Undergrad: 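Here's a structure for you.
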Amino acid sequence: MAPSMEINSNEFFKINRTCWKLLGLGMLMVEGHKTNGQRKMSTNLYMVWAIVINLMATCCFPIHLFLGIFESENKTSFFDSISITITSIGASTKLLIIAIKMKKILEMQSLLRTLDARITHHEEVRHFRQDIRSRIMNIQRLYFVVYCGVGISVLGAFLFSKEQRLFYSGWFPFDWRSSLGNYAAAISYQCIPIFFQMMQTFCNDSFSPIALCVLSAHIELLYMRVVRIGQDKNGKMRETTTLQEDEEELNRCVLDQMNLYELYNTMQNIISWAMFIQFFVSVVNNCVAIVALLFFVTDVFERIYYVIYILAMGIQLFPTCYYGSDFVLLFEKLHYAVFSCNWIGQSKSFKRHMMIFTERSLRETVALAGGIFPIHLDTFFGTCKATYSLFAVVMTMK
């Protein structure tokens with residue numbers, strides 16, 4: 001039996017936490033801010049870093065891009081500016097939401113530690129280390145590849161442009177075309193916010209699918225735990241000579257179930273509005289990108305950029321919607337687990353708790369984006385339909 005202390009679901013959010021620290025949210029991530037002995041991150045140097053980065057990337061950059069829409073020289077640049085402005089505003093808003101919800105994220109981490117402590121059986125440990133870890137690592141790799149692909153396509157379109165240009169159209173209080181120094185200053189300014197906004201988008205967008213995947217994983221582990229009640233080491237039904245032990249284990253599983261529902265509520269509270277913004281940004285940006293790609297873009301590298309961008313918008317949403325559907329199905333299956341254990345010869349008290357477990361498993365558990373749209377595969381396909389509908393509307397106005 002492996003020690004439970006080796007199981008740590010919070011390790012899957014290590015990259016997200018690192019990015020949030022670099023983005024200036026480190027002071028909000030310390031549990032028990034005034035607890036003696038803990039390392040305090042609210043130093044003057046870190047405060048300066050957080051202010052400068054967020055002033056430059058989170059606040060000023062979206063304004064810089066928005067004003068750049070009115071300086072677009074052609075329709076390709078115009079649509080490009082609209083798309084990146086919406087993305088930038090969305091990234092800044094989602095970072096603000098994460099900052100507001102950081103207390104909830106700390107609560108989520110505490111609940112995960114409680115659930116991790118219950119993973120002691122060798123089958124659960126093996127499932128966690130092999131299947132669950134691999135699943136979540138694949139999600140992180142997917143998002144890393146997507147954002148690297150978008151970044152490389154942006155860089156390619158910039159480097160192979162036939163004319164002097166910026167990464168994206170933006171407003172400057174000086175004429176960046178007038179001298180090489182002004183041009184270098186403009187490019188340097190854009191490089192820094194683009195890097196940090198890509199970091200914002202990566203850590204914020206990857207958080208939701210990883211969180212929902214971890215939730216699904218702990219529901220799977222609870223299912224395995226409940227099924228084993230009343231069984232021997234070989235998984236066969238045994239004589240119920242330890243009724244008290246079986247009842248105590250069921251009671252612990254009931255508590256696990258309550259913690260899972262609390263974890264579900266906490267995660268929904270964290271990701272709800274961020275996903276609402278992501279759905280909106282995805283629909284609008286996909287429509288803008290398709291219009292630009294089909295009618296206005298002529299440069300090969302610009303076309304490559306838009307193709308990758310459209311694919312990236314879809315890939316951003318799919319894992320979250322998939323695991324938003326997955327955990328619902330797993331919650332609904334929990335009542336099968338309790339009837340799969342060796343319950344027939346158990347005590348009346350056991351059966352009462354068994355019914356409580358079953359009744360609770362029948363409650364509705366659908367995560368909602370903004371309290372309106374289900375975070376579900378149906379909504380993913382709904383965004384595809386909404387993109388087409390918006391595209392059709394634009395075409396009638398063209």
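Every value quoted in this text rests on a predicted model; they were computed, and no experiment measured them.
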Undergrad: Applying ring pair (Phe, Tyr, Trp, His ring centres under 6.0 Å) between Phe318 and each of Phe381, Phe380, Tyr143, report the one that passes.
TA: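 When ring pair (Phe, Tyr, Trp, His ring centres under 6.0 Å) is applied between Phe318 and each of Phe381, Phe380, Tyr143, only Phe380 qualifies.
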Undergrad: Do Thr87 and Tyr309 have side-chain N/O donor and acceptor atoms under 3.5 Å apart?
TA: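 Judged by distance alone, the side chains do pair up.
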Undergrad: Shortest non-hydrogen contact from Ile86 to Asn285?
TA: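 Shortest heavy-atom separation between Ile86 and Asn285 comes out as CB-OD1, 3.6 Å.
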Undergrad: Identify, with sequence neighbours excluded, every residue that meets side chain to side chain donor-acceptor pair (under 3.5 Å) alongside Asn251.
TA: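 Testing Asn251 for side chain to side chain donor-acceptor pair (under 3.5 Å), a comparison that skips the adjacent residues, returns His353.
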Undergrad: Return the set of residues passing side chain to side chain donor-acceptor pair (under 3.5 Å) with Arg225 (not counting sequence neighbours), or none when no residue passes.
TA: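 Arg225 satisfies side chain to side chain donor-acceptor pair (under 3.5 Å) with Glu124, Asp256 only.
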Undergrad: Quick check for you: to the nearest 0.5 Å, what is the distance between Trp49 atom CH2 and Asn54 atom CG?
TA: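 CG of Asn54 is found 10.0 Å from CH2 of Trp49.
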Undergrad: Taking side chain as C-beta onward, heavy atoms only, is Met56 less than 4.5 Å from Phe61?
TA: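 No - every pair of side-chain heavy atoms lies 4.5 Å or more apart.
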Undergrad: For residues Arg141 and Asn138, is any side-chain donor paired with an opposing acceptor at under 3.5 Å?
TA: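 Yes, Asn138 and Arg141 have a side-chain donor paired with an acceptor closer than 3.5 Å.
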Undergrad: Heavy atoms only: give me the nearest Leu23-Cys203 pair and the separation to one decimal.
TA: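 For Leu23 and Cys203, the tightest heavy-atom pair comes out as CD1-SG, 3.9 Å.
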Undergrad: Does some side-chain heavy atom of Asn204 sit less than 4.5 Å from a side-chain heavy atom of Trp20?
TA: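 Heavy-atom side-chain distance check passes, below 4.5 Å.
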Undergrad: Between Ser92 and Gln197, is there a side-chain donor-acceptor contact under 3.5 Å, judged purely by atom types and distance?
TA: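 Gln197 vs Ser92: donor-acceptor pair found between side chains.
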Undergrad: Atom SG in Cys213, atom CZ in Phe12: separation rounded to 0.5 Å?
TA: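 These two atoms lie 8.0 Å from each other.
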Undergrad: Using 30° and 60° as the class boundaries, would you call the ring planes of Phe279 and Phe373 parallel, tilted or perpendicular?
TA: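 The rings of Phe279 and Phe373 stand perpendicular, inter-plane angle above 60°.
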Undergrad: Going through the checks in order, is the side-chain hydrogen bond (donor to acceptor under 3.5 Å, both in side chains) test met by Thr114 and Asn259?
TA: CA-CA 8 Å; Thr114 301; Asn259 287 331; 5.6 Å; no
Undergrad: Regarding Ser9 and Asp116, is there a side-chain donor-to-acceptor distance under 3.5 Å anywhere?
TA: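 On atom types as modelled, these side chains qualify, holding a pair under 3.5 Å.
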Undergrad: Just checking, Arg363 and Tyr261: is the charged tip under 6.0 Å from the six-membered ring centre and within 45° of the axis?
TA: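 Yes, Arg363 and Tyr261 form such a contact.
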Undergrad: Any salt bridge (charged side-chain N to carboxylate O under 4.0 Å, His left out) pairs touching residues 84-100, not counting sequence neighbours?
TA: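 Applying salt bridge (charged side-chain N to carboxylate O under 4.0 Å, His left out) to every pair that reaches into residues 84-100, excluding sequence neighbours, yields Lys94-Asp205.
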Undergrad: What heavy-atom pair brings Ala99 and Leu28 nearest, and what distance separates the two atoms?
TA: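 Shortest heavy-atom contact: O-CD1, 3.6 Å.
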Undergrad: Evaluate side chain to side chain contact (heavy atoms under 4.5 Å, CB included) for Arg135 paired with Tyr323, printing each intermediate quantity in order.
TA: CA-CA 11 Å; Arg135 197 183 305 165; Tyr323 285 107; 3.0 Å; yes
Undergrad: Would you say that Cys148 contacts Phe144 through its side chain, given a criterion of any heavy-atom pair below 4.5 Å between the two side chains?
TA: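 Cys148 vs Phe144: side chains touch.
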Undergrad: Is the shortest side-chain heavy-atom distance between Arg17 and Asn10 below 4.5 Å?
TA: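 Arg17 vs Asn10: side chains touch.
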Undergrad: Work out which heavy atom in Thr387 is nearest to a heavy atom in Ser282; give both atom names and the distance.
TA: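 The pair with the smallest heavy-atom distance is OG1-O, 4.4 Å.
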Undergrad: Side chains of Thr85 and Pro62, heavy atoms from C-beta outward: is any pair under 4.5 Å?
TA: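 Thr85 does not reach Pro62 side chain to side chain.
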Undergrad: Between Asp80 and Ser169, is any side-chain donor less than 3.5 angstrom from a side-chain acceptor?
TA: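 No pair is found: no donor N or O on one side chain lies under 3.5 Å from an acceptor on the other.
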Undergrad: Which is it for Ile187 and Trp176 under the side chain to side chain contact (heavy atoms under 4.5 Å, CB included) test, yes or no, and what are the steps along the way?
TA: CA-CA 9 Å; Ile187 291 297; Trp176 58 269; over 6 Å; no
Undergrad: Checking His64 against Gln190: is there a side-chain donor and acceptor pair closer than 3.5 Å?
TA: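 Yes.
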Undergrad: Checking Glu247 against Ser349: is there a side-chain donor and acceptor pair closer than 3.5 Å?
TA: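 Yes.
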Undergrad: Can you confirm whether the side chains of Gln200 and Thr58 place a donor and an acceptor under 3.5 Å from each other?
TA: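 Yes - a donor-acceptor pair under 3.5 Å links their side chains.
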